[in-house]
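Side chains are part of it too, since the values below use all heavy atoms of this structure and drop only hydrogens, waters and symmetry mates.
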Amino acid sequence: MRGDGGYDLGDLVARAGALGEITDPTGPLRAVLAEAGERLLRAVLLAAVPVLLLGWYAIALAGRYTARDRRRDAAWAKLRGGSRSRLLALLSGQHLAPLLAGGLLGLLTGAGAGWLLAGAPVAGERVVTAAWAIGAVLAVLLGALGTLVVADLLLIRTPVVLLNREVPTARSGRAALLADLLVIAVAIAAGYQARSGSPDAGVGAIAPFAVAVAVAVLLARLLIRAADRGGGAALRAGRLRLGLTAVRMSRLAGLDRVCALLAVAVAMLAGTTGAATADRDAHTARAEAELGAARVLTVRAENWTALRHAVAVADPQGRYAMAAAVDRTASPPVVVVDTARLAAVGVWCPEFGPRPQPPAAVDAVPLITGHALVLRVRNDRPAPATVDAILQDEVTGATVTVGFGPVPPGEHTVTRPVTGCAGGCRLVRWQIPSPPGPDGAPAPEPITLHSLRGRDPDTDLLSTARFGDATRWRTATSDAGLALAGGAGGLTVAAGRTAVKSGADRLYAVDATLPLPLLLAGPIPVAWRFGEPAINVLGAGQVPARVTAEVAALPVLGATGVLTDFDAVRRIAAETGATGITQVWLTSDTPAAVVDRLTGAGLIVLADETVTARAGRTPGRGTAPAGSFALLCAVIALLTAAAAGAVAAAVDRAPQRASARALRVQGLPASTAAATRHLGPFALVVAGTASGVLAALVARRVVGEPASFFADGWRLLPPPEALGWLPLLGAALAGFLVLGVLGWLTAAVERTRTEGTPR
């Protein structure tokens with residue numbers, strides 16, 4: 001046992017194996033746990049690595065912008081004969097204080113966010129968690145410091161004459177071009193691998209991020225070119241506000257990188273939000289399809305009638321609960337639902353086909369509530385005959401047998417008492433055995449049922465005309481053990497070819513729609529291709545059926561099975577007990593009193609499962625196992641880009657103030673200068689947000705929609721769109737808000753500095 005109360009299962013098995021030969025039934029479980037751990041680690045890396053790369057790039061960009069202030073320090077140190085190591089210590093030492101302060105703040109913030117998202121680590125894991133956190137912070141700090149040191153080394157190699165110049169020497173741009181080509185090559189390779197069916201392997205795992213970066217870089221390049229060309233054209237046309245704003249954007253060194261950084265951050269937020277939303281919808285849809293309702297109780301009931309009565313007592317209006325049952329061992333598998341309540345309680349997808357309607361009402365035999373039954377019957381056999389009525393209590397589902405035999409030869413009126421039908425019983429069947437004759441064959445003489453009445457109270461249950469309608473009766477199998485003949489005198493029952501077989505003496509009352517209507521998913525059973533459709537309804541024998549629709553999938557069963565009405569099957573399989581898995585489907589807003597009434601009615605709840613709980617246990621892919629961590633990383637990326645933009649604006653503030661003063665002296669109106677001051681940051685925000693949204697869309701189209709959102713490849717239902725309009729709009733608004741606040745603050749600071757500048 002560990003200090004936190006857990007144990008290492010694999011270590012225990014290994015120790016036991018050293019003592020002798022053992023059987024290890026925990027192997028599959030440990031394999032599942034190991035696979036889950038690998039998926040979680042992969043999801044965390046997929047969410048954290050892009051943010052880490054973006055952060056390093058933002059730090060490098062900030063170092064380049066702040067290099068203007070360090071250029072003079074480097075020039076003075078080189079003039080005084082400083083060595084390269086002392087110059088590097090002088091320049092890079094300026095980074096240590098902000099990096100250490102930011103690392104400490106990030107460590108505290110990250111630990112707090114982790115505790116909020118995942119809870120505080122247990123006692124035995126605190127040291128390991130702290131070690132991982134400190135290691136991650138050191139990796140970030142060392143990477144950032146290395147990036148800045150490389151920039152300082154390039155600065156040290158610059159001649160003193162160039163270091164003292166206000167405007168740096170223009171570069172050929174070959175390094176930037178090579179970097180752009182490398183980004184595009186990685187994006188093409190990642191997109192190809194993701195399209196080829198390996199989205200979780202190699203560079204295919206980062207395909208959306210790589211493609212978004214490539215698109216953002218290209219859009220930023222095009223933006224600068226458009227600003228340069230458009231600014232000159234606007235100035236020549238006399239549109240000072242637009243022209244000065246465009247020229248300001250095109251003249252700021254590295255603005256394309258800032259715009260690309262903002263676009264990548266917005267694209268990451270859009271992609272992460274869309275993936276999280278689609279993953280949640282996919283898991284919810286799968287859970288609903290596998291359960292059939294928002295909440296499912298697996299219950300133990302005496303029989304289906306008791307289950308139906310308990311549901312009716314708990315929810316008389318049919319708003320919250322419905323009875324259901326599943327038999328996966330049948331061929332094909334069967335799920336039965338209360339179609340009268342399905343629309344209010346169940347979850348129905350378009351892939352399930354047309355929603356089944358309740359079967360047409362059947363003029364069934366009235367319920368038997370009296371204390372005695374009176375049967376008028378004629379026995380044409382030479383010996384007394386046995387005639388039994390099998391009833392079922394509509395409250396408890398208990399079977400009640402009323403024996404009218406032995407009936408002597410001739411016509412008789414037989415009265416027998418009835419017990420156990422206080423809540424009302426329905427007639428299930430008649431049982432009329434046919435004893436074998438001298439030669440072993442069934443006796444050919446018939447028995448005629450004329451009428452059935454009830455006593456206390458007196459009720460006319462089955463008249464002679466109703467007995468004589470042969471369509472109201474059926475035998476147990478297609479090869480009938482009883483031969484039926486209806487007529488004006490009633491129903492004549494004679495022995496058939498299989499009367500001596502088990503079940504051949506049963507005559508069922510037809511009180512359910514036959515053939516039984518079905519929804520079929522999957523291939524047509526082989527037996528149906530050479531005969532009429534029929535299903536073995538949970539122990540009731542072969543029952544004729546008809547397929548009303550062939551659908552792509554069914555709730556609970558998936559791609560193979562049939563669905564039919566619960567009450568119809570209950571009536572047909574009255575004596576089979578509670579076969580299959582009996583369930584009660586509930587809505588998400590079911591009051592607790594409904595569940596209490598279900599248990600009070602005699603049901604025993606074996607399991608209680610909700611869509612939310614089942615969706616949370618289904619293994620996902622990509623960044624889904626990381627949960628909210630991926631979204632947190634996307635938010636951090638957006639804040640990092642905003643911080644880099646703030647650094648760029650702060651460095652550019654002094655040259656822009658000087659330009660504004662010079663233009664005001666030359667006669668530029670104050671309103672035009674103020675508009676230019678506001679339009680510059682606003683244009684950058686709009687360009688970065690729009691480019692990010694477009695990059696996210698292009699990345700999704702290039703990479704394609706995921707074939708499945710699940711680690712096991714489940715795709716019974718079409719996966720939702722990975723980048724819908726709602727998460728895309730939300731990400732755009734969030735990016736515009738964060739970056740817009742930054743632009744407003746930048747303009748406000750610049751306004752306070754330039755306010756009152758003389759013309």
inquiry  = Over 60° means perpendicular and under 30° means parallel, so tell me whether H283 and F710 are parallel, tilted or perpendicular.
reply    = tilted
| said: Below 30° counts as parallel, above 60° as perpendicular, anything between as tilted: where do the rings of F467 and W473 land? | reply: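 It falls in the parallel class, under 30°.
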With no hydrogens and no angle check, just 3.5 Å: does a side-chain donor-acceptor pair link Q431 and R429? yes
Lys/Arg-Asp/Glu bridge criterion (N-O < 4.0 Å) met for [X], [Y]:
| X | Y | answer |
| --- | --- | --- |
| R286 | D712 | yes |
| R341 | D315 | yes |
| R614 | E290 | yes |
| D393 | R426 | no |
| D511 | R472 | no |

Pairs where [range] contributes a residue and the test ring pair (Phe, Tyr, Trp, His ring centres under 6.0 Å) is met, not counting sequence neighbours:
| range | answer |
| --- | --- |
| residues 597-624 | none |
| residues 580-604 | none |
| residues 322-350 | W348-F352 |

Sequence neighbours excluded, the answer for side-chain contact (heavy atoms from CB on, under 4.5 Å) partners of P354 is A549, V551
Can you list everything that forms a side-chain contact (heavy atoms from CB on, under 4.5 Å) with A43? Sequence neighbours excluded, please.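 A43 satisfies side-chain contact (heavy atoms from CB on, under 4.5 Å) with P625, A626 once adjacent residues are dropped.
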* Asked: Do you know the tightest heavy-atom contact between T369 and G424?
  ->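 Closest approach of T369 to G424: CG2-CA, 3.9 Å.
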### Message
Tell me every residue that passes salt bridge (Lys or Arg N to Asp or Glu O under 4.0 Å) with E721, counting only those two or more places apart in sequence or in another chain.
### Response
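For E721, the residues satisfying salt bridge (Lys or Arg N to Asp or Glu O under 4.0 Å) (neighbours in sequence not counted) are R701.
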Quick one: salt bridge (Lys or Arg N to Asp or Glu O under 4.0 Å) partners of E351, sequence neighbours excluded?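 If we apply the salt bridge (Lys or Arg N to Asp or Glu O under 4.0 Å) test to E351, skipping adjacent residues, there are no hits.
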Could you list the residues that satisfy disulfide (SG to SG under 2.5 Å) with C425, not counting sequence neighbours?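 Listed in chain order: C421.
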Return the set of residues passing side chain to side chain donor-acceptor pair (under 3.5 Å) with R308 (not counting sequence neighbours), or none when no residue passes.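 Residues passing side chain to side chain donor-acceptor pair (under 3.5 Å) with R308: D567.
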Q. Tell me the salt bridge (Lys or Arg N to Asp or Glu O under 4.0 Å) pairs involving residues 452-463, sequence neighbours left out?
A.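 Checked against salt bridge (Lys or Arg N to Asp or Glu O under 4.0 Å) - neighbours excluded - no pair reaches residues 452-463.
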| Sequence neighbours excluded, every pair satisfying salt bridge (Lys or Arg N to Asp or Glu O under 4.0 Å) that has a member inside residues 544-565 |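 Matches after skipping sequence neighbours: none remain.
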Is the CZ atom of R466 crowded by more than 12 outside heavy atoms at less than 6.0 Å?
->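 Atom CZ in R466 is crowded, with more than 12 foreign heavy atoms closer than 6.0 Å.
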_For I524, is the CD1 atom crowded, meaning more than 12 foreign heavy atoms sit under 6.0 Å from it?_
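Counting other residues, nucleotides and ligands, CD1 of I524 stays at 12 neighbours or fewer.
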Sequence neighbours excluded, the answer for ring-ring contact (aromatic ring centres under 6.0 Å, His included) partners of Y320 is none
Flag the pair L598 / V299 as yes when at least one side-chain heavy-atom distance between them is below 4.5 Å, and no otherwise.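 No, every pair of side-chain atoms sits at 4.5 Å or beyond.
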